[in-house]
Amino acid sequence: MGNAHPTLIIWIKMPVKDIYHNAVKNALIKDSSVITADPYPIKYPEVKLFADMAGEKNLSISREN
C-alpha cells in the first residue's frame, strides 16, 4: 500500500429558509435586482456550501439631450 490518504468530502444541506427570505427576495426584485440563484451553491473540492441567494442589479442612467 502507498501513502495515499482518503479524500474527505463534506456535504452540507441547504438550511431551511428563515421567515425573512421571501421578504428580502421580493424587496430586491422591486428594487430592479434580478435573482440569479436561490439558493446559490458554493462548491469547493472538499465541501459544498449554500448562500441564501445570488443576484444582480442593473443600473441604467438616462440623460436628457
Side-chain angles (χ1 to χ4, degrees):
M1 284 192 237
N3 290 333
H5 298 287
T7 302
L8 175 63
I9 298 177
I10 301 169
W11 293 97
I12 298 175
K13 293 186 341 183
M14 172 62 192
V16 176
K17 295 175 182 171
D18 63 20
I19 61 173
Y20 303 106
H21 181 86
N22 287 333
V24 170
K25 182 177 176 179
N26 291 333
L28 290 169
I29 291 169
K30 284 182 180 181
D31 194 37
S32 302
S33 294
V34 176
I35 305 302
T36 57
D38 181 15
Y40 177 67
I42 304 168
K43 298 175 186 177
Y44 292 101
E46 298 85 22
V47 68
K48 184 175 182 181
L49 305 170
F50 294 94
D52 282 346
M53 67 185 82
E56 296 177 355
K57 181 160 182 166
N58 296 324
L59 298 176
S60 62
I61 299 173
S62 61
R63 234 176 130 180
E64 292 183 26
N65 299 330

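What you see is a predicted model, and the numbers here were worked out from it, not measured in a lab.
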Contacts of type side-chain contact (heavy atoms from CB on, under 4.5 Å), residue Lys30, not counting sequence neighbours:
none
Please report the interatomic distance CD1(Ile29) to CG(Asn22), rounded to the nearest 0.5 Å.
9.0 Å
Just jot down the side-chain contact (heavy atoms from CB on, under 4.5 Å) partners of Ala27, sequence neighbours excluded, or say none.
none
In chain order, what residues pass the salt bridge (charged side-chain N to carboxylate O under 4.0 Å, His left out) check against Asp18, with sequence neighbours excluded?
none
Atom pair NZ/CG of Lys25 and Asp38 - distance to nearest 0.5 Å:
4.0 Å
The side-chain contact (heavy atoms from CB on, under 4.5 Å) partners of Ser32 (sequence neighbours excluded) come to none
Those residues that, when tested against Ile42, pass side-chain contact (heavy atoms from CB on, under 4.5 Å) (two or more places apart)
Tyr40, Tyr44, Leu49, Ala51
